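What follows is a single structure, written as structure tokens, with notes after it.
Remember, it's a predicted structure, so these values are computed and weren't measured experimentally.
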Amino acid sequence: QVQLVESGGGLVQAGGSLRLSCAASGRTGSRYAMAWFRQAPGKEREFVAAISWSGGRLGYADAVKGRFTISRDNAKNTVYLQMNSLKPEDTAAYYCAAGQTVAVFARSTEYEYWGQGTQVTVSS
């Protein structure tokens, strides 16, 4: 059992930055890949970014590439999402996810653990 808790969301102006954190607890000894997904009301959940346990493999959605950076600190059991140059279309609830046997980063069904979400709102 792994619990994931996101934090760091908020209201920012377009062009601003936020850093989201995802703290893991429970059975965190396994080598989980971690990812961020987001979902706006009335829209499907979409992939944002993912990172392997070692940090050696990264993946980003085209919509955020060059603006967002995912990283992790395994000693702190924490994954981060640095979001720069935010746009109104980035407005969504952001969810942290973890999976032990992830084969395709962008598929939400690959992940077995999910956080409760943190809201990011970008005003124009």
**OP:** Just grab all the disulfide (SG to SG under 2.5 Å) pairs involving residues 32-84, residues at least two apart or on different chains.
**Re:** none
Original post:
Partners of Val104 by side-chain contact (heavy atoms from CB on, under 4.5 Å), sequence neighbours excluded?
Top reply: Arg107, Glu110
Subject >> Smallest separation among heavy atoms of Gly8 and Thr118, with atom names >> reply: N-OG1, 4.2 Å
**OP:** Kindly state each residue pair satisfying disulfide (SG to SG under 2.5 Å) with at least one member in residues 35-77, sequence neighbours excluded.
**Re:** none
**OP:** State, to 0.1 Å, how close Arg67 and Asp90 come at their nearest heavy-atom pair, and which atoms those are.
**Re:** NH1-OD2, 2.8 Å
Subject >> Partner set under side-chain hydrogen bond (donor to acceptor under 3.5 Å, both in side chains) for Gln116, not counting sequence neighbours >> reply: Glu6
Original post:
Other hydrophobic cluster members with Phe105, side-chain heavy atoms of Ile/Leu/Val/Met/Phe/Trp/Tyr under 4.5 Å, chained?
Top reply: Phe37, Phe47, Tyr95, Val102, Tyr111, Trp114
Identify every side-chain donor-acceptor pair in residues 10-19 under 3.5 Å, counting partners at least two apart or on other chains, and give the distances.
from	atom 1	to	atom 2	distance (Å)
Gln13	OE1	Ser123	OG	3.1
Ser17	OG	Asn84	OD1	2.9

Subject >> Contacts of type salt bridge (charged side-chain N to carboxylate O under 4.0 Å, His left out), residue Lys65, not counting sequence neighbours >> reply: Asp62
Original post:
How many angstroms lie between atom CZ of Arg72 and atom OG of Ser21, to the nearest 0.5 angstrom?
Top reply: 13.5 Å
Original post:
Restricting to pairs with a member in residues 9-29, which pass ring pair (Phe, Tyr, Trp, His ring centres under 6.0 Å), not counting sequence neighbours?
Top reply: none
Original post:
For Glu46, which residues count as a side-chain hydrogen bond (donor to acceptor under 3.5 Å, both in side chains) partner, sequence neighbours excluded?
Top reply: Arg38
Original post:
Which disulfide (SG to SG under 2.5 Å) pairs, counting each pair once, include a residue from residues 86-124, with sequence neighbours left out?
Top reply: Cys22-Cys96
Subject >> Qualifying disulfide (SG to SG under 2.5 Å) pairs, either residue in residues 24-74, two or more places apart >> reply: none
**OP:** Apply ring pair (Phe, Tyr, Trp, His ring centres under 6.0 Å) to Tyr32 and list each qualifying residue two or more places apart in sequence or on a separate chain.
**Re:** Tyr113
